Amino acid sequence: MNPTISNIFVVVYAALTLLVRIMLEPQLQGQYLISIGMGAFSLLFLWALIKSGFLRPTILGLDKFGPKK
């Protein structure tokens, strides 16, 4: 993907995963480790997309973590 679409994808993905975690917190009944695990998995998935070269975001310095050119 081009950098502009990648930037939009990263921002929307991060916002949606945070929203899902906030919405699920009451249902987890205080089991915060599950919420932390979901957040870690979502960040790991995003990192894998960047590392594989599928996403090429330039915001927040994320372009330094992608594949080497």
Side-chain angles (χ1 to χ4, degrees):
M1 283 191 201
N2 68 23
T4 304
I5 294 174
S6 293
N7 289 338
I8 293 169
F9 181 83
V10 167
V11 169
V12 170
Y13 179 79
L16 285 177
T17 57
L18 183 62
L19 179 67
V20 166
R21 287 179 60 202
I22 289 172
M23 291 173 62
L24 287 179
E25 281 294 326
Q27 296 174 0
L28 293 176
Q29 299 173 353
Q31 296 183 358
Y32 299 110
L33 288 179
I34 295 174
S35 178
I36 291 171
M38 288 184 340
F41 180 76
S42 65
L43 287 177
L44 180 67
F45 183 71
L46 184 62
W47 173 81
L49 287 175
I50 294 170
K51 194 70 171 171
S52 70
F54 183 73
L55 291 178
R56 294 182 292 135
T58 57
I59 57 172
L60 302 174
L62 292 176
D63 54 340
K64 295 173 183 61
F65 293 105
K68 303 297 179 204
K69 297 177 184 174

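Nothing here was measured: the structure is a model prediction, and the numbers come from that model.
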Can you name the nearest heavy-atom pair linking M38 to L24, along with the distance?
-> CE-CD1, 3.7 Å
Please name all residues satisfying side-chain hydrogen bond (donor to acceptor under 3.5 Å, both in side chains) with Q31, sequence neighbours left out, ordered by chain then number.
-> none
In terms of hydrophobic clusters joined by side-chain contacts under 4.5 Å, are I8 and I50 together?
-> no
Co-membership, hydrophobic cluster, residues M1 and Y13, 4.5 Å side-chain = yes
Any donor-acceptor pair under 3.5 Å linking the side chain of S6 with the backbone of L55?
-> no
Hydrophobic cluster membership, F41 vs L28, 4.5 Å side-chain cutoff | no
Taking a hydrophobic cluster as the set of Ile, Leu, Val, Met, Phe, Trp and Tyr residues connected by side-chain heavy atoms closer than 4.5 Å, whether directly or through intermediates, do L18 and L16 fall within one such cluster?
-> no
Decide whether F45 and I36 are clustered together by the hydrophobic rule: side chain heavy atoms of Ile, Leu, Val, Met, Phe, Trp, Tyr closer than 4.5 Å, transitively.
-> no
Go through the steps for F9 and L49 under the test side-chain contact (heavy atoms from CB on, under 4.5 Å), then give the verdict.
-> CA-CA 11 Å; F9 181 83; L49 287 175; 4.1 Å; yes
Criterion side-chain contact (heavy atoms from CB on, under 4.5 Å) on W47 and L43, from CA distance to verdict | CA-CA 6 Å; W47 173 81; L43 287 177; over 6 Å; no
